[in-house]
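Notes for the one structure printed next.
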Amino acid sequence: MTAPPPNDDLNPAARNGEDDSPADPTAARRHFVRQAIDADLEAKRFDAVRTRFPPEPNGYLHIGHAKSICLNFGLAKELGGSCNLRFDDTNPSKEETEYVESIQEDVRWLGFEWDELHFASDYFEQLYAWAEKLVTDGNAYVCDLTAEQTREYRGTLTEPGRDSPGRSNTPAENLDLLRRMKAGEFQDGEKTLRAKIDMAAPNINLRDPVMYRIAHINHHRTGDAWCIYPMYDWAHGQSDSIEKITHSICTLEFEHHRPLYDWYCDKLAIHHPRQIEFARLNITYTVMSKRKLLQLVRENYVSGWDDPRMPTLVGLRRRGYTPESIRAFCADIGVAKFNSTIDVVRLENAVREHLNEVAPRRMAVLDPVKLTITNWAEHGSDVEMMAAVNNPGDESAGSREIPFSGSLWIERDDFKEEAPRKFFRLKKGGAVRLRAGYIVDCHDVVKDSAGNITEILCTYDPQTKSGEDSSGRKVKGTIHWVSCDHATEATVRNYDRLFTAENPDSPAEGKTFLDYLNPDSLSTTTAMIEPELAAAAAGDRVQFERLGYYVVDADSRDDALVFNRIVGLRDTWAKIASKNPPKGKK
RNA sequence: UACCCCGUGGUGUAAUUGGCAACACAGCUGGUUUUGGUCCAGCCAUUCUAGGUUCGAGUCCUAGCGGGGUAGCCA
């Protein structure tokens, strides 16, 4: 048993970290939770660090949970402690086994392994025994008020509450009533067990909070064994205590539950963990509430919990995010009590940074237009194999051979008949480097009757072969391509942000978050891809040169590849182009 | 208009606990580059306000202002 010191204040002034050597670069990076734990260890309040991640199995985990997971498991790892996974399954009307499984998968996918796996429902027997103790000690009573009456009696934020008639029952009467509640003698809602604290407390959580409610519902683990179920406050801290958790880390909205958390542990005189609250994660251009995510799924705004546009872990996984990048993101954003919103570019940047190191480069043309090399006949053979490096930043990634021919697909965007001064790609009368190929000069274009360009005619410069250029020519631009005869088709799903508003959670008058759904959050196209990609398997991540990072989707088949855009490359040209809007022409 | 928490560049987090406001991202300049990617260099702050204590305040004190949370038999 560990009694808490009187001062649980986490204000900076009250912090008392260990005396870190200033030379330790990580010392400055320690967030307030870490500092509090360091201080507790120093003060011998606890002998080790034991944390837990306590999800309710009523939905899929999202990036916000990842912050909590990284915090709890990370702290345990850093400090040589332990971290449990515990399902807070005290409300059988909302919880399902499906979620229990997905949550475990998600935690493991993120790269963490729990020391012990528990369910709050495993503690129902102990919880009940403790409830009888509180009753016997005169610290809890059975209340007859209806839900409606309970609300009325509770008072308001500015007025104190009134005592429930049950408050004057004797312990013996309460014990009898509680046992009959447990035995199923009463209907749902007929009675509750309430802690006897203070109906005038300014903190409403202390106005005789409900401990047990009656619900004749089948529980996903305990079946029909129980018809009374503990409330969060009654179950959570006690579960922490049973597991000898030292630091019970939760989000800010539980801050004024802490006095109740402490009250239960004190009255029971059991191991007393310290609850510490931090600000939950908000990210721009998305929503994080389980209710809203569920609505997006149920009403088919997305294809499911694992839709690549969802901020769920299953969604991010399918989108192609790496666990490393999510962990890096969580470490990057820090932990504090200030309610902030993180710019989604931070997340995008995290995955870009990781993939830049590990994703092999490949060429794919998403919006193909044909480029014909009119002097290719001068070349000795129809096809020439070109060496292309897999990652210019990583020599060990090696290179591959790609076929080059007189008939190529290039990106429609990479050609303009008349181009602005800063356009470094191909234009009529201009030249461009074909990546890992030759420099070509454009002399003409072919158009259909509607005036659309159907073919671009170029000559190649034999002196300019990639890697053995003897021409001395310099061109401003390099573009990607694939050989028509060697390319294969693939479906490419270009995903974008799900919402157009930075904060869909605060809609304008008369609107809802659904009014800000991005109609262009998914655009699908058929791309031409280089031969090397034919062997790509689901989950493989590559960089399509000059475009972005892509992952092979689970829907992909050997004869019908599907790629998801994880994130685009940083696009400086788009910035320049948007600053100098084209005049007149489309 | 009750109680609790929080205010540091555009965004987020630091500041050896009273001693030159730092790091990252974004933005802007420029350089390198066979990806307009990567990489490199530079620029970008009256620490919410007003008083006070002090040789010295982002940090301590007082008052104000602003933001968030709380009235489930949800978690």
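Letters A, B, ... mirror the listed sequences (proteins, then strands); counts begin at 1. No experiment lies behind these values; they were computed from the predicted model shown.
Note on A:Gln35: a side-chain N or O is less than 4.0 Å away from OP1 or OP2 of B:A15.
Atom pair A:Phe338:CZ and B:A14:C1' shows a separation of 15 Å (rounding to whole Å applied). Regarding A:Ile342, its CD1 atom lies at a distance of 16 Å from the P atom of B:A24, rounded to whole Å. What separates CG of A:Leu71 from C1' of B:U13 is a distance of 14 Å, to the nearest Å. Between A:Ile283 atom CD1 and B:C25 atom P the separation is 17 Å, expressed in whole Å. Remark: P of B:C5 and CD1 of A:Ile276 are 15 Å apart, rounded to the nearest angstrom. Here B:G37 presents its C1' atom at 15 Å from CG of A:Asp394, a figure rounded to the nearest Å. The CG atom of A:Asp414 sits 14 Å away from the P atom of B:G37 (whole-angstrom rounding). The distance from atom NZ of A:Lys337 to atom P of B:U13 is 13 Å, rounded to the nearest whole Å.
Residues A:Trp234 and A:Leu134 form a side-chain contact, since some pair of their non-hydrogen atoms from C-beta on lies under 4.5 Å apart. Between A:Leu569 and A:Gln543, the closest side-chain pair of non-hydrogen atoms falls below 4.5 Å.
A side-chain hydrogen bond (donor to acceptor under 3.5 Å, both in side chains) with A:Ser248 is found for one member of A:Arg258, A:Gln275, A:Arg52 and no other, namely A:Arg52.
A side-chain donor from one of A:Asn390 and A:Arg362 sits under 3.5 Å from a side-chain acceptor of the other. A:Glu253 and A:Thr251 form a side-chain donor-acceptor contact under 3.5 Å, judged by distance and modelled atom types alone. Between the side chains of A:His256 and A:Asn205, no donor N or O sits under 3.5 Å from an acceptor N or O. Judged by distance alone, the side chains of A:Glu348 and A:Tyr549 never bring a donor and an acceptor atom under 3.5 Å apart. Judged purely by distance below 3.5 Å, without hydrogens or angles, the side chains of A:His480 and A:Glu411 pair a donor atom with an acceptor atom.
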Sort me out a list of protein N/O and nucleotides 42-47 of chain B N/O pairs below 3.5 Å, or just none if empty.
none

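Shown here, B:U49 forms a base pair with B:A63; the pair counts as Watson-Crick or G-U wobble because both key distances fall under 3.5 Å. Of all nucleotides present, none satisfies the Watson-Crick or G-U wobble test against B:U33 with each distance under 3.5 Å. B:U16: no Watson-Crick or G-U partner with both key distances under 3.5 Å is found in any strand. Nucleotide B:G58: unpaired (no Watson-Crick or G-U wobble partner with both distances less than 3.5 Å). Using Watson-Crick or G-U wobble geometry with both donor-acceptor distances under 3.5 Å, B:C74 finds no partner in any strand shown. Summarising the base pairing, B:G27 is matched to B:C43 through a Watson-Crick or G-U wobble pair whose two defining distances lie under 3.5 Å.
Ring orientation note: the planes of A:His118 and A:Tyr123 are tilted relative to one another, at an angle of 30° to 60°. Using bins of under 30°, 30° to 60° and over 60° for the plane-to-plane angle, the ring pair A:His65/A:His62 lands in the tilted bin.
If you take atom P in B:C48 and the same atom in B:C43, they sit 24 Å apart, rounded to whole Å. As rounded to the nearest Å, B:G10 and B:C44 have P atoms that lie 13 Å from one another. When the C1' atom is used for both B:U32 and B:C23, the distance is 25 Å, rounded to whole Å. Using P as the reference atom, B:G9 and B:A22 are 14 Å apart when rounded to the nearest Å. Only the C1' atoms considered, B:U13 is 27 Å distant from B:U70, to the nearest whole Å. The C1' atoms of B:U29 and B:U34 are separated by 25 Å, rounded to the nearest whole Å. The separation of B:U49 from B:A57, taken at their C1' atoms, amounts to 16 Å, rounded to a whole angstrom. Rounded to whole Å, the separation between the P atoms of B:C4 and B:G64 comes to 14 Å.
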Checklist outcome for this item: Whether each nucleotide of nucleotides 68-75 of chain B has a protein heavy atom under 4.0 Å at its base (B), only at its sugar-phosphate (S) or at neither (-) is summarised, 5' to 3', as SSBBSBSB

Checklist entry - What string of B, S and - do you get for nucleotides 28-36 of chain B 5' to 3' if you count protein non-hydrogen atoms under 4.0 Å? => result S-----BBB

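We find the CD1-CG distance between A:Ile103 and A:Asn58 to be 7.5 Å, quoted to the nearest 0.5 Å. Taking OG1 of A:Thr222 as the start and CZ of A:Phe124 as the end, the distance is 5.5 Å to the nearest 0.5 Å.
Residue A:Thr284 is classed as having no contact, given no heavy-atom separation below 4.0 Å to the nucleic acid.
Its glycosidic angle being more than 90° from 0, B:G30 falls on the anti side. Glycosidic conformation at B:U35 (O4'-C1'-N9-C4 for purines, O4'-C1'-N1-C2 for pyrimidines): anti, more than 90° from 0.
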Item to check | A:Arg180 vs A:Phe186, side-chain contact (heavy atoms from CB on, under 4.5 Å): CA-CA, chis, key distance, verdict | outcome: CA-CA 7 Å; A:Arg180 289 165 59 194; A:Phe186 306 112; 3.7 Å; yes

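Under the 3.5 Å distance criterion, the side-chain polar atoms of A:Asn391 are left unmatched by any main-chain donor or acceptor of A:Pro360.
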